Structures are given as C-alpha cells and as structure tokens.
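As the structure is a computational prediction, the values presented were derived from the model and not from experiment. Heavy atoms only: backbone and side chains are in, while hydrogens, waters and symmetry mates are out.
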Amino acid sequence: MIDTEALRVQPELTGENVVLTQLDETYFETAWKALQEPETTRLTGTHSRFTPEQIRTWLAGRRGLDDRADYAIVRREDRAHVGDLALTDVDKDNRSASFRIALNGPEFFGKGYGTEATELLLGYAFDVVGLHRVSLEVFDHNPRAQRVYEKAGFVREGLQRQALWWDGEWHDVVTMAILKTDPRP
C-alpha cells in the first residue's frame, strides 16, 4: 500500500553531500535560470518555453500533493540549489511512479550530486512511500545520465526509436526501471 501521507508531507532527505527538500517558490530564481541553460534543456529535451509567472505558479503548487513528490537538490555545505528531481505519475494501484531529475547547469555535472540525490529518492520511494517500481526515460545523447541510473540500480527495458527531434537530429529514448526487489548500492 502506498503511503500518500509521506508524499503529502515530503520529509527532508539528507545525504553526505546533498539534501533533498520540498521544491517550492523559494527556488524560483535558480529554477528560472536553469530553464534558460541550453545544456540542461538539451539533456531534458525541453522544447517548451515558459513565462516567469508559469514557473512561479507551478513551484507554488508543489506542496501537499499525494500523487507526486517534487524535491529541490541543495548542496549540503552551503544549501546552493543544484537541481531538482521528482517522483511523478504515482500509480497507487500498481505501486509505481515515474522519475525525473535535472541539474541546474554544467557547473553541477560530474560532482556526484545527481547520483546521491537519485539514491536518496529511491530509498524514500521504496522504503517510505511503499512503491514497487520506479521508471524513467533518458535520451540517447545523455550517456552520463544513463550510467548514473545504472549505478543506482535501474535496468534498461526498452528503446523508443527516434522519439525526440533536437537540433536537426532524431534521438532515441531509452526506458529504464528499478524494482524494490532489485539490488541498490
């Protein structure tokens, strides 16, 4: 059974280098800057353009939901906002959810923030919320993310051929998932 109260309350999750805390409107400035970062939008395949008001409204609506969990990733040493991640599309009947993560720009890549944040969120998803399965999609032009997901225990399940058109090229989408019973680091 899914613990929807754990999703509503969304406790802070602390690791060695990062803290996951409720994503909300206090993160507007860094979230807005990340949406303008070309490499971040390329890696996430974000074609949409947003207005500041759309982002403020979306961030303000993250608290108290029982069908998803949106976290800001902050660096533990100085509480700098380095990215965000989420469990989305929580399916209570099938005890499953989708996962997504985005770091706020290249200055945060390759430092282990995404790996640690992913591991923290999976622990919360399986051990607190009670999920059985977490799945994700990653683009073929993001092998660094694919390695992070594999390191966290995700298993490649499929390929959606030529599902993303980006900068004049087609890219495949790799689908991956991890089960509660799968090994985790």
**Prompt:** How far apart are the closest heavy atoms of Q22 and D70, and which atoms are they?
**Reply:** NE2-O, 3.4 Å
**Item:** Side-chain (R76) to main-chain (G15) donor-acceptor, under 3.5 angstrom
**Value:** yes
**Request:** Flag the pair L43 / H141 as yes when at least one side-chain heavy-atom distance between them is below 4.5 Å, and no otherwise.
**Result:** yes
**Asked** Do the non-hydrogen side-chain atoms of L121 and L87 ever get within less than 4.5 Å of each other?
**Response** yes
**Request:** Cation-pi check, R56 to W58: give yes when NZ or CZ is under 6.0 Å from the six-membered ring centre and within 45° of the ring axis, no otherwise.
**Result:** no
**Prompt:** Looking at CD1 of I73 and CD of E116, how far apart are the two atoms once the value is rounded to the nearest 0.5 Å?
**Reply:** 10.0 Å
**Request:** List the steps and the verdict of salt bridge (Lys or Arg N to Asp or Glu O under 4.0 Å) for K92 and D66.
**Result:** CA-CA 10 Å; K92 295 168 187 151; D66 70 353; 3.5 Å; yes
**Request:** Can you measure from OG1 (T118) to OH (Y113) and round to the nearest 0.5 angstrom?
**Result:** 14.5 Å
**Prompt:** Do we see a donor-acceptor contact under 3.5 Å between the side chains of E157 and T175?
**Reply:** no
**Request:** Test salt bridge (Lys or Arg N to Asp or Glu O under 4.0 Å) on D127 and R184 and set out the steps.
**Result:** CA-CA 12 Å; D127 304 333; R184 286 183 271 155; 3.4 Å; yes
**Prompt:** Can you name the nearest heavy-atom pair linking V174 to R156, along with the distance?
**Reply:** CG1-CG, 3.8 Å
**Request:** Assess whether side chain to side chain contact (heavy atoms under 4.5 Å, CB included) is satisfied between L85 and L20, documenting all intermediate values.
**Result:** CA-CA 9 Å; L85 74 171; L20 304 185; 3.7 Å; yes
**Request:** Indicate whether the side chain of T26 and that of D24 have a donor and an acceptor atom separated by less than 3.5 Å.
**Result:** yes
**Request:** Hey, can you tell me if Y124 and Y71 have their rings parallel, tilted or perpendicular (30° and 60° cut-offs)?
**Result:** perpendicular
**Request:** Following the transitive rule for hydrophobic clusters with a side-chain heavy-atom cut-off under 4.5 Å over Ile, Leu, Val, Met, Phe, Trp and Tyr, establish whether V82 and L59 coincide in one cluster.
**Result:** no
**Prompt:** Quick check: are there more than 12 heavy atoms from other residues, nucleotides or ligands sitting under 6.0 Å from CD of E16?
**Reply:** no
**Item:** SB check R133 D91 (cutoff 4.0 Å)
**Value:** no
**Message:** Starting from F154, can I reach L179 by hopping between I/L/V/M/F/W/Y residues whose side chains sit under 4.5 Å apart?
**Reply:** no
**Fill in**
Shortest non-hydrogen pair, G130 vs I2, comes out as O-CD1, 4.0 Å
**Request:** Could you list the residues that satisfy salt bridge (Lys or Arg N to Asp or Glu O under 4.0 Å) with E137, not counting sequence neighbours?
**Result:** none
**Message:** Testing the 3.5 Å rule here: is there a donor-acceptor pair between the side chains of T115 and E119?
**Reply:** no
**Asked** Yes or no on side chain to side chain contact (heavy atoms under 4.5 Å, CB included) for T41 and Q36, after CA distance, side-chain angles and deciding distance?
**Response** CA-CA 8 Å; T41 58; Q36 312 314 308; over 6 Å; no
**Fill in**
Of all heavy-atom pairs linking A6 and V129, the shortest is CB-CG2, 4.3 Å
**Item:** Distance, nearest 0.5 Å, that separates OG of S96 from NE2 of H132
**Value:** 9.5 Å
**Message:** So which atom in Y27 and which in T21 form the shortest heavy-atom distance, rounded to 0.1 Å?
**Reply:** OH-CG2, 3.0 Å
**Prompt:** Can H47 and W166 be said to form a ring pair (Phe, Tyr, Trp, His ring centres under 6.0 Å), step by step?
**Reply:** CA-CA 9 Å; H47 287 293; W166 196 268; 4.7 Å; yes
**Message:** Nearest 0.5 angstrom please: D89 CG to R100 CZ, how far?
**Reply:** 11.0 Å
**Request:** Look at the side-chain heavy atoms of Ile, Leu, Val, Met, Phe, Trp and Tyr, link any pair under 4.5 Å apart, and say whether F139 and L136 land in one connected group.
**Result:** no
**Request:** Measure the shortest side-chain to side-chain distance between V90 and L7 over non-hydrogen atoms and say whether it is less than 4.5 angstrom.
**Result:** yes
**Request:** Using the rule that two of Ile, Leu, Val, Met, Phe, Trp, Tyr join whenever any of their side-chain heavy atoms come within less than 4.5 Å, decide whether L103 and L23 are in one cluster.
**Result:** no
**Asked** Could you give the distance from CG (N142) to CZ (R147), rounded to the nearest 0.5 Å?
**Response** 9.0 Å
**Message:** Among H171, Q146, R161, which residue satisfies the side-chain hydrogen bond (donor to acceptor under 3.5 Å, both in side chains) criterion with D140?
**Reply:** H171
**Asked** Hey, mind stepping through V134 and L122 against side chain to side chain contact (heavy atoms under 4.5 Å, CB included) and telling me if it holds?
**Response** CA-CA 8 Å; V134 175; L122 289 175; 4.2 Å; yes
**Request:** Consider only side-chain heavy atoms of I, L, V, M, F, W and Y, link residues closer than 4.5 Å, and tell whether I178 and L159 are in one cluster.
**Result:** yes
**Between T46 and T44: side-chain donor-acceptor atoms closer than 3.5 Å** = yes
**Asked** Yes or no on side chain to side chain contact (heavy atoms under 4.5 Å, CB included) for M176 and V138, after CA distance, side-chain angles and deciding distance?
**Response** CA-CA 8 Å; M176 303 177 82; V138 60; 4.1 Å; yes
**Request:** Report the distance from atom CZ of R75 to atom CZ of R79, rounding to the nearest 0.5 Å.
**Result:** 12.0 Å
**Mutual orientation of the aromatic rings belonging to Y149 and F99 [parallel < 30°, tilted 30-60°, perpendicular > 60°]** = perpendicular
**Heavy-atom closest pair, residues R62 and R68** = NH1-NE, 3.2 Å
